[in-house]
Structures are given as structure tokens and as C-alpha cells.
Number of protein chains: 2
Amino acid sequence: MSSTIKVLLAEDQSMVREALAALLGLEDDIEVVAQVARGDEVLAAARANDVDVALLDIEMPGCTGIEAAAQLHKALPAVRLVVLTTFGRPGYLRSAMEAGADAFLVKDAPAAQLAEAVRKVLAGERVIDPTLAAAALAEGANPLTDREREVLRAAADGSTNAELATALHLSQGTVRNYLSTAIQKLAVRNRAEAVRIAREKGWL
Amino acid sequence: MSSTIKVLLAEDQSMVREALAALLGLEDDIEVVAQVARGDEVLAAARANDVDVALLDIEMPGCTGIEAAAQLHKALPAVRLVVLTTFGRPGYLRSAMEAGADAFLVKDAPAAQLAEAVRKVLAGERVIDPTLAAAALAEGANPLTDREREVLRAAADGSTNAELATALHLSQGTVRNYLSTAIQKLAVRNRAEAVRIAREKGWL
DNA sequence: TCCTGCTCATGACATCTGTCATGCGGCTCT
DNA sequence: AGAGCCGCATGACAGATGTCATGAGCAGGA
């Protein structure tokens with residue numbers, strides 16, 4: 001009999017994290033050897049525990065699960081990466097794959113898929129929801145430039161042009177130009193809608 | 001020895017729901033007898049299963065856990081209600097309590113509190129995070145009128161005044177007036193900030 | 001080298017938003 | 001009955017926002 005699969009679990013909500021650990025604990029061949037609540041603690045915990053698979057939530061303080069995945073992929077390429085998220089945003093899937101993820105799961109998939117994904121990635125397989133993959137491909141890449149994205153992200157909390165200008169060290173006119181082009185690229189009417197759909201697509 | 005505590009679990013994300021079920025399943029005295037993924041399925045499931053405690057997530061399709069709590073409280077007052085949420089918004093706590101909840105838990109509390117809360121509410125106790133309770137009291141009640149809230153909610157997706165006016169069967173001027181008073185009550189600069197703040201406080 | 005795209009800027013313009021004063025009718029509480 | 005709040009409306013005004021034309025400097029690719 002082979003030894004158990006060692007899993008690192010990264011998820012900021014304690015209750016969910018421990019519940020997932022309980023779920024995985026029911027499997028004979030899987031052992032959760034480390035749990036962290038922040039993205040920026042993932043790498044150290046992985047190093048300290050010699051893990052086989054890292055299970056990473058995207059929405060975390062410190063840094064996102066996607067950033068953590070990129071770090072892990074670079075520093076410990078042998079560790080398999082399963083990215084887990086609440087939101088099945090195509091842009092997230094794309095970023096996760098670019099960061100070296102082996103599997104991408106949404107939290108409203110059946111729980112059984114979790115343990116299954118852990119086993120599959122260890123066997124060298126990739127696990128991706130086909131619907132989501134199709135959506136990610138159909139939608140194309142993020143059309144926004146770095147600056148446009150930055151300005152849009154900064155505008156998301158309702159800041160005015162003047163505040164954005166000082167915060168980003170730009171002129172007010174430039175801020176308006178960036179927002180205007182972003183609005184046109186996203187085919188919407190105003191910044192609020194632009195923020196909303198950029199978020200939905202995972203482009204923010 | 002007394003019989004086990006029968007729990008209904010309502011949470012839309014399958015993976016989280018089943019993980020929580022696994023967690024509760026580890027307790028000898030607790031049994032998850034029903035699981036639902038929608039708010040509007042809660043009442044029927046509770047009726048069908050003679051449950052002792054209902055564990056309700058707030059963010060659910062169909063209807064919110066708070067609305068489901070209100071229905072349960074009215075139809076089956078013997079069922080104890082534990083409201084569970086991702087967001088520790090004071091306004092949520094307030095609404096949950098008004099709906100008859102016995103406990104209010106946030107998902108980033110330790111997992112052990114879940115089973116503990118189930119036992120406590122069955123014993124007639126109330127379980128509320130003191131910090132959150134203080135925040136809810138300090139913040140005061142929702143200052144927005146029904147109409148203001150409705151307009152603000154409709155404005156949240158970036159709709160323009162004209163769209164809001166037709167959608168709500170109001171004149172554009174009236175829409176602007178409601179948004180203006182909401183903006184002033186929330187002490188912010190524009191509708192986007194108003195939406196953000198109202199959301200954070202759980203007033204939307 | 002030329003072309004293209006990104007960043008940053010300005011000015012002018014039309015439209016949208018937010019504010020304010022004011023008014024009316026309805027409801028509730030005292 | 002009167003006071004006070006709410007819902008709804010209008011008109012006028014200032015300021016914010018979105019669009020467009022235009023141009024500079026700087027990179028990278030053909």
C-alpha cells in the first residue's frame with residue numbers, strides 16, 4: 001500500500017477550511033498536513049511540510065490563491081496545484097492556468113470532486129470544468145491594458161476623478177481617458193457598469 | 001442517553017455544504033438529516049424531516065437565509081435557528097435577530113463553534129459574537145426608507161437614472177432625489193460609494 | 001526605419017449626476 | 001386638527017462624467 005497523499009489547505013474562512021479538512025479526512029488515502037488562512041503563508045507552509053498537493057482558495061488576504069500558486073509553481077514545481085474558488089469566473093480560470101494550476105474547481109461543484117481532483121492531479125491529470133473552460137476560451141483575453149485595469153480597480157470603490165488622479169499620480173483628464181477607453185472596450189455605459197462586468201469576467 | 005440532534009443544513013455551495021455536513025457528522029450527538037441548496041426549499045425540508053435545528057447560510061438563491069429563518073420561525077417555532085454567513089455585517093445580524101434567529105455565526109469563526117452553537121441553541125441559549133453585537137448596536141438602525149433602499153439596490157449594477165426611472169416606474173427627477181437623500185444619509189459623495197457603504201453595513 | 005501600441009496630457013463639448021427649493025397628497029401619531 | 005414623515009414630482013443650477021480630437025514621448029516588432 002502506498003503512503004497517504006499529503007495536502008496543504010489554504011482558505012481564509014476557518015469554518016470552511018476546517019470543514020474541508022474534515023471532508024478530506026474521511027478519505028483513507030488523503031491527509032491534510034497543513035492549513036493556512038492567508039495567501040502569503042502558503043509557500044512557507046508548503047516548504048515546511050513536504051506536501052504533495054496544495055489546495056488553494058482564490059479569495060484570501062495576504063495574496064490571492066492564484067499568486068500563491070505562481071509562487072509555488074516556481075519554487076516547488078513538484079507540488080500539484082488545485083485552485084478552488086467561489087466564483088466560476090472565466091478570467092480566474094485563465095489566470096490560474098497561467099499560474100501553473102493543475103486543477104480548477106468551483107465551490108458549488110459536488111464535494112466528491114475535491115478528493116477526486118487531488119488524486120487526479122497527483123496522477124498527472126488536469127481537472128477543469130468543461131463548461132468553464134469553454135467560457136474562458138469563448139470570452140477571449142482581457143482587453144484592458146495594465147493602466148486601464150489599475151484605474152478601473154481604483155475607481156471601484158466610488159472614488160471621484162480628482163481622488164483617482166491624486167492617488168495614481170495622473171491628471172484628471174488622463175483618468176477620464178482611461179476610464180472612457182475601458183468603458184468602450186467593455187461595451188458599457190459608465191464606470192460602475194465597467195467595474196461590474198470586469199469583475200464578473202475576472203479581469204479586475 | 002438522549003437521541004441525536006437533527007440538523008437541517010441550507011447552503012448553496014455544494015462543496016461547502018457537504019464539508020460542513022462532514023464536520024458535523026464527526027460529532028456523536030449531531031446528525032444532518034437534510035440538506036438544501038436554496039432558501040426557498042428550507043421550509044419544506046424542515047417540515048418533511050422533523051428537525052431540531054436549522055443551519056442557514058444567508059447568501060442563497062431562491063430566498064436569503066434570513067427570509068427562510070423568518071418563514072421557519074413563523075411556521076415551525078420549535079425549530080432553533082442558526083444563521084451562518086460569510087460577511088459579518090452588523091445589519092445582517094440585526095435582520096437575523098429580527099427574523100427570530102437564535103445564533104449568528106460568521107464563517108471565519110473556528111469550526112468548533114458550529115457544533116457548539118447547535119448544542120447551545122437547543123439548550124435555549126443564544127449565540128452571538130459580542131464584537132459583532134456591539135457593532136450592530138453602535139451603528140444604529142438602517143436610516144434608509146424602503147424606496148431609497150429599492151432605488152439604491154437597483155442602481156447598484158450601474159444603471160443610469162433613465163433606466164432606473166423606467167424600471168421603477170418613477171420620474172428621473174424622483175430617482176435622483178432618492179439617490180441624493182440616500183447619499184446624504186450615508187454621508188458619502190456619490191451613488192457608487194452609497195452602494196458600497198450600504199452593502200458593507202448590510203442595509204442593502 | 002517605420003509602424004504600432006501604450007502612457008500621459010490638454011481642451012472643448014454634451015450629457016449625466018447631485019443638490020436644492022418647492023409643492024401635493026396620503027398616512028400616522030398625538 | 002395639526003405636525004411630521006413618506007412617496008412622488010418639477011425646475012433650475014453647478015459640478016462631475018464621458019467623448020472626441022489631438023499630440024507628445026517611448027517602447028517593441030516588422
Side-chain angles (χ1 to χ4, degrees), chain A residues 91 94-95 98 139-204, chain B residues 91 94-95 98 139-204:
Chain A
R94 182 181 291 266
S95 318
E98 283 167 7
E139 157 184 286
N142 188 339
L144 303 175
T145 68
D146 287 353
R147 231 42 187 135
E148 286 160 1
R149 216 172 37 248
E150 251 180 278
V151 176
L152 198 54
R153 206 183 306 132
D157 65 355
S159 298
T160 96
N161 285 333
E163 291 167 337
L164 295 174
T166 54
L168 299 169
H169 306 294
L170 291 174
S171 82
Q172 274 199 46
T174 304
V175 168
R176 288 199 282 165
N177 286 342
Y178 281 138
L179 287 173
S180 182
T181 56
I183 286 165
Q184 289 175 281
K185 284 180 179 177
L186 301 175
V188 293
R189 299 205 177 294
N190 53 49
R191 62 183 69 192
E193 273 190 339
V195 167
R196 204 189 85 233
I197 77 133
R199 276 230 181 91
E200 276 172 18
K201 304 229 182 190
W203 287 343
L204 226 174
Chain B
R94 181 181 292 266
S95 317
E98 283 167 7
E139 156 184 286
N142 188 339
L144 303 176
T145 67
D146 287 353
R147 231 41 186 139
E148 286 160 1
R149 214 170 40 247
E150 249 179 281
V151 176
L152 198 54
R153 207 183 306 132
D157 64 357
S159 298
T160 102
N161 285 333
E163 291 166 338
L164 295 174
T166 54
L168 299 169
H169 307 292
L170 292 174
S171 83
Q172 274 199 47
T174 304
V175 168
R176 289 199 282 164
N177 286 340
Y178 281 139
L179 287 174
S180 182
T181 57
I183 286 165
Q184 289 176 281
K185 284 179 179 178
L186 301 176
V188 292
R189 300 206 176 292
N190 54 49
R191 63 183 67 191
E193 275 191 337
V195 167
R196 206 189 84 231
I197 298 291
R199 276 231 181 89
E200 275 173 19
K201 303 229 180 192
W203 288 343
L204 226 173

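Since the structure is predicted, the reported quantities are computational estimates derived from the model, not experimental observations. Residue numbers begin at 1 in each chain, while the letters A, B, ... track the order of the sequences.
Separating the CG atom of Leu168(B) from the C1' atom of dG7(D) is a distance of 13 Å, rounded to the nearest angstrom. Taking atom CD of Glu148(A) as the reference point, atom P of dG18(D) lies 14 Å away to the nearest angstrom. We find that CG of Leu170(A) is positioned 14 Å from C1' of dT10(C), with the value rounded to whole Å. Computed from coordinates, the Leu179(B) CG to dA16(D) C1' distance equals 15 Å when rounded to whole Å. Counting to the nearest Å, the C1' atom of dG18(C) and the CD atom of Glu193(B) are 13 Å from each other. The nearest whole Å value for the distance from the NZ atom in Lys185(B) to the C1' atom in dT19(C) is 16 Å. Nucleotide dT10(D) holds its P atom 13 Å from the OH atom of Tyr178(B), rounded to whole Å.
Taking side-chain N and O atoms only, Arg176(A) has no distance below 4.0 Å to OP1 or OP2 of dT19(D). Side-chain nitrogen and oxygen atoms of Gln184(A) include at least one within less than 4.0 Å of the OP1 or OP2 phosphate oxygen of dC20(D). Residue Thr145(B) has a polar side-chain atom (N or O) positioned under 4.0 Å from OP1 or OP2 of dG7(D). Residue Ser171(A) places none of its side-chain N or O atoms closer than 4.0 Å to OP1 or OP2 of dC8(C). For dG18(C), one of the phosphate oxygens OP1 or OP2 lies less than 4.0 angstrom from a side-chain nitrogen or oxygen of Arg191(B).
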Per-nt protein contacts along nucleotides 25-30 of chain D (heavy atom under 4.0 Å; B base, S backbone sugar-phosphate only, - none) come out as ------

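Using a 4.0 Å cut-off on heavy atoms, the residues of residues 150-166 of chain B that approach DNA chain C are Thr160(B), Asn161(B), listed by number.
In this structure, the side chain of Glu193(B) engages the main chain of Arg189(B) through a donor-acceptor pair within 3.5 Å. A donor-acceptor distance shorter than 3.5 angstrom exists from the side chain of Asn142(B) to the backbone of Trp203(B), with no hydrogens or angles considered.
A distance of 11.0 Å separates OG of Ser180(A) from NZ of Lys185(A), quoted to the nearest 0.5 Å.
The nearest pair of heavy atoms linking Ala192(A) to Gly158(B) is CB-CA, 3.6 Å. Nearest approach of Ser159(B) to Ala154(B), heavy atoms of both residues: OG-O, 3.8 Å.
With salt bridges taken as basic N to acidic carboxylate O contacts below 4.0 Å, one links Arg147(B) and Glu150(B).
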Step-by-step side-chain contact (heavy atoms from CB on, under 4.5 Å) determination, Leu179(A) to Asn161(A)
CA-CA 10 Å; Leu179(A) 287 173; Asn161(A) 285 333; 3.9 Å; yes

* Asked: Can Thr145(B) and Thr181(B) be said to form a side-chain contact (heavy atoms from CB on, under 4.5 Å), step by step?
  -> CA-CA 10 Å; Thr145(B) 67; Thr181(B) 57; over 6 Å; no

*asked:* What verdict does the side-chain contact (heavy atoms from CB on, under 4.5 Å) test give for Leu152(A) and Leu186(A), after you've listed the backbone C-alpha separation in whole Å, the side-chain angles of each residue and the deciding distance to 0.1 Å?
replied: CA-CA 12 Å; Leu152(A) 198 54; Leu186(A) 301 175; 4.1 Å; yes

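Closest approach to the Asp146(A) side chain among dG18(D), dT10(D), dT7(C) is made by dT7(C) (side chain taken as heavy atoms from C-beta onward). When each of dG7(D), dC8(C), dA9(D) is scored by its nearest atom to the side-chain atoms of Thr174(B), the top-ranked nucleotide is dA9(D).
Among the heavy atoms of the strands lying under 4.0 Å from Asn190(B) are primed sugar atoms or P, OP1, OP2 only; no base atom is included. Among the atoms of the strands shown, only primed sugar atoms or phosphate atoms (P, OP1, OP2) are found under 4.0 Å from some heavy atom of Arg147(A).
Ile197(B) has its side chain within reach of Lys201(B): a pair of non-hydrogen atoms, C-beta onward, lies under 4.5 Å apart.
Residue side chain Asn177(B) reaches the base of dC20(C) through a donor-acceptor N/O pair under 3.5 Å, judged by distance alone.
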